[in-house]
Protein chains: 2
Amino acid sequence: MKSPKDGVQSVSRALILLQELARSDDGLRVSDLARTTGLAVSTAHRLLTTLEQHGFAQFEPETTLWHVGREAYAVGSAFGRRRNFVAPALPFLKRLRDVTRETANLGILDGNQLVTISQVESREIMRAISNPGGQVPVFCSGMGKAIVATWTDEDIKALAERAGLPPMTSKSLRSMDEVFVDIHRTRERGYALDDEEHVTGLRCVAAEVWSPQGEAVCAISVSGLAARLTDARLDSIGQQIRKAANELTQQLGGTPQNHSR
Amino acid sequence: MKSPKDGVQSVSRALILLQELARSDDGLRVSDLARTTGLAVSTAHRLLTTLEQHGFAQFEPETTLWHVGREAYAVGSAFGRRRNFVAPALPFLKRLRDVTRETANLGILDGNQLVTISQVESREIMRAISNPGGQVPVFCSGMGKAIVATWTDEDIKALAERAGLPPMTSKSLRSMDEVFVDIHRTRERGYALDDEEHVTGLRCVAAEVWSPQGEAVCAISVSGLAARLTDARLDSIGQQIRKAANELTQQLGGTPQNHSR
DNA sequence: CTCGTGTTTTCCACATTGTGAAAAACCTTT
DNA sequence: AAAGGTTTTTCACAATGTGGAAAACACGAG
């Protein structure tokens with residue numbers, strides 16, 4: 001009967017209680033919890049009070065109902081804080097790589113730069129262009145523009161002023177006007193485009209991913225040689241990225257917002 | 001040595017490990033955790049694997065680091081769900097963030113502490129100050145004071161005695177007299193102010209939100225560097241928060257009461 | 001007011017369960 | 001190949017968690 005590999009019994013039970021609590025919206029009584037988890041009432045009670053002492057559970061004396069506590073919230077939100085979208089994003093990146101045969105990327109905004117967090121490489125000959133961890137000026141990056149396009153115009157302006165518009169190539173956006181034209185097109189299209197604005201010969205199509213808070217947290221993109229990412233393919237790829245970004249958003253517990261503002 | 005009333009030892013320890021994990025943004029090793037919590041390495045390891053089996057902790061083999069797991073997030077968000085004003089509040093927070101360009105927060109009173117439930121970050125460079133789930137002594141917090149100002153003087157006194165007046169900074173309220181002076185000003189103004197009373201260099205403007213039962217259930221606030229939240233801007237921002245809080249109240253089916261009592 | 005039935009909470013003897021020292025299995029690094 | 005640093009596993013022991021039963025509440029009905 002004793003299974004050596006189930007971990008610590010009492011801890012397991014306490015966690016199961018927590019999950020049970022989370023399942024219910026308006027609280028549970030000790031005896032209910034004991035029944036649904038198959039524990040003795042006294043045991044359930046003991047575990048619950050332990051959880052309560054640490055703030056993971058909350059007891060309402062007037063109604064004698066148990067709820068999930070603030071500390072559970074605090075600890076849980078640490079999970080959200082962490083860049084934990086990289087793992088769930090991987091399958092999506094892989095699929096994008098497979099259908100487009102180009103490199104797929106995941107990036108976040110860090111300060112004034114866009115940094116590539118994760119990347120699934122194309123299998124073509126010319127592939128690794130920007131390596132993971134690499135930083136790119138926001139407005140020279142498809143992913144950067146995808147994220148920024150969800151912001152208000154004032155915020156975008158402020159960021160552009162802070163970050164500047166370094167001319168990486170001859171096609172880089174050079175003026176505030178050009179930026180806003182591009183952002184508008186991005187919002188209309190539903191995906192962002194970097195047409196050799198960062199590196200000559202390199203194109204990139206990107207869409208943003210939303211957090212449960214309703215903010216654009218990161219973006220995914222497909223990048224490859226302009227010679228291969230032809231105008232003809234561009235929109236089809238754009239749609240696919242948009243779709244993948246929405247699905248990833250959903251999986252992260254967010255809802256895709258509308259791009260237009 | 002055996003203290004009968006500290007609950008179940010192993011569960012306590014597991015929870016402490018979780019909190020420790022939450023504290024760190026980029027993961028911890030077993031041995032670090034063991035040291036900081038004072039547990040034997042093997043014990044820590046056993047507890048962690050138990051947490052992992054239930055998804056509350058996450059282990060990255062390649063880097064041998066432990067993180068908070070998805071299940072902790074799932075359970076924690078049940079806490080937010082119960083406080084069902086967090087979703088409707090989001091648009092208001094976003095708007096506040098957009099017009100003030102500072103961080104907007106939503107907080108509730110939990111026991112003697114004010115806990116930040118939700119937050120929409122400013123896009124300026126210096127932003128994340130307190131993370132969601134964080135706790136602050138009531139009287140060092142704009143949101144805390146906004147809520148408390150709706151109470152009777154006796155209730156306030158009782159709370160202050162229970163919770164104490166921890167001097168977080170040199171500007172923190174230190175005496176019952178100072179508390180009541182501040183509360184009076186808050187009631188007159190219609191919004192509460194935290195002028196570097198929690199963290200030096202940080203200001204915060206807040207107003208309370210009413211439930212249909214006619215109780216102040218939560219508060220919203222805007223916080224930012226004192227250097228940016230200048231005296232000149234303060235009143236204008238205060239008015240805007242007051243307005244947003246009233247609108248949110250309305251949307252929740254409550255009616256904004258009058259602050260004076 | 002008293003009894004009855006539903007709770008939650010406390011107690012306690014017992015052995016199941018969790019414990020930590022130490023050893024084993026892994027890694028990198030030199 | 002050896003030396004430090006890890007993470008895992010093992011194991012003998014007793015401290016720790018267990019659940020039945022009893023006590024303390026809380027409410028409604030008679």
Side-chain angles (χ1 to χ4, degrees), chain A residues 1-69 87 133, chain B residues 1-21 23-69 111:
Chain A
M1 196 88 274
K2 68 284 299 294
S3 344
K5 269 280 129 59
D6 315 330
V8 177
Q9 183 183 79
S10 48
V11 174
S12 272
R13 290 170 160 185
L15 296 179
I16 290 173
L17 283 175
L18 259 186
Q19 308 193 85
E20 205 54 49
L21 277 181
R23 198 151 293 134
S24 124
D25 273 340
D26 24 44
L28 292 168
R29 293 178 326 211
V30 175
S31 44
D32 296 338
L33 278 165
R35 186 149 26 77
T36 59
T37 58
L39 295 175
V41 191
S42 63
T43 304
H45 181 257
R46 188 163 2 92
L47 293 171
L48 283 170
T49 51
T50 308
L51 287 169
E52 188 189 25
Q53 280 159 20
H54 292 261
F56 282 77
Q58 213 168 25
F59 183 59
E60 275 192 349
E62 44 270 6
T63 146
T64 69
L65 290 177
W66 289 85
H67 301 275
V68 171
Chain B
M1 197 86 271
K2 67 283 303 288
S3 344
K5 268 277 128 56
D6 6 291
V8 177
Q9 182 183 78
S10 49
V11 174
S12 273
R13 290 170 160 184
L15 296 178
I16 290 172
L17 282 176
L18 259 186
Q19 310 194 84
E20 204 55 48
L21 277 181
R23 198 151 295 135
S24 123
D25 272 341
D26 25 44
L28 292 168
R29 293 179 327 210
V30 175
S31 44
D32 295 338
L33 278 166
R35 185 148 21 78
T36 59
T37 57
L39 295 174
V41 191
S42 63
T43 304
H45 181 257
R46 189 166 357 97
L47 293 171
L48 283 170
T49 51
T50 308
L51 288 169
E52 189 188 25
Q53 279 159 22
H54 293 260
F56 282 77
Q58 212 168 29
F59 182 61
E60 275 192 348
E62 44 271 6
T63 145
T64 70
L65 290 177
W66 290 85
H67 301 276
V68 171

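Since this is a predicted model, take the numbers as computed values, not measurements. The sequence lines fix the lettering, A, B, ..., with proteins before strands; numbering per chain opens at 1. Values below: all heavy atoms of this structure, side chains included; hydrogens, waters and symmetry mates excluded.
- Across every non-hydrogen atom of A/Leu17 and A/Ala44, the tightest pair is CD1-O, 4.0 Å.
- For A/His67, the side-chain contact (heavy atoms from CB on, under 4.5 Å) partners at least two apart in sequence or on another chain are A/Gln58, A/Glu60, A/Leu65, B/Arg82.
- The two residues A/Ala34 and A/Val41 have their closest heavy-atom pair at CB-CA, 3.8 Å.
- We find that CH2 of B/Trp66 is positioned 17 Å from P of D/dT6, with the value rounded to whole Å.
- Of all heavy-atom pairs between B/Thr37 and B/Ile16, the closest is CG2-CG2, 4.1 Å.
- Using cut-offs of 30° and 60° on the angle between ring planes, the pair A/Trp66 and A/His45 is perpendicular.
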Exercise for the section: Assign a letter to each nucleotide of nucleotides 19-27 of chain C from its 5' end: B, base within under 4.0 Å of a protein heavy atom; S, sugar-phosphate only; -, no contact. Expected result: BBB------

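- What you find for B/Leu15 and A/Leu51 is that their closest heavy atoms are CD1-CD2, 3.7 Å.
- Under the 3.5 Å distance criterion, the side-chain polar atoms of A/Thr50 are matched with a main-chain donor or acceptor of A/Arg46.
- A sub-4.0 Å separation between OP1 or OP2 of D/dT7 and a side-chain N or O of B/Ser31 is present.
- Considering OG1 of A/Thr36 and CD of A/Glu20, their distance stands at 4.0 Å, rounded to 0.5 Å.
- Regarding A/Arg35, its CZ atom lies at a distance of 15 Å from the C1' atom of C/dT8, rounded to whole Å.
- Of the side-chain N and O atoms in B/His45, none sit less than 4.0 angstrom from OP1 or OP2 of D/dT7.
- The stretch residues 32-42 of chain A participates, sequence neighbours left out, in these salt bridge (charged side-chain N to carboxylate O under 4.0 Å, His left out) pairs: A/Arg29-A/Asp32, A/Asp32-A/Arg35.
- Nearer to the 5' terminus of DNA chain C, by closest-nucleotide assignment, is the contact made by A/Asp32 (compared with the other of A/Val11 and A/Asp32).
- Axis angle across the helix from C/dC1-D/dG30 to C/dA15-D/dT16, with five pairs used at each end and values rounded to 10°: 10°.
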Any N/O pairs under 3.5 Å between the protein and nucleotides 26-29 of chain D? List them or say none.
none

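- Taking every heavy atom of residues 15-24 of chain A and every atom of DNA chain C, no pair lies under 4.0 Å.
- Within the model, atoms CG of B/Leu39 and CG of B/Leu33 stand 9.0 Å from one another, a figure rounded to the nearest 0.5 Å.
- In this structure, the nucleotide among D/dT6, D/dT8, C/dT8 sitting nearest to the side chain of A/Arg29 is C/dT8.
- For the pair A/Leu47 and A/Ala14, the tightest heavy-atom approach, listed with the atom from each and the gap, is CD1-N, 4.1 Å.
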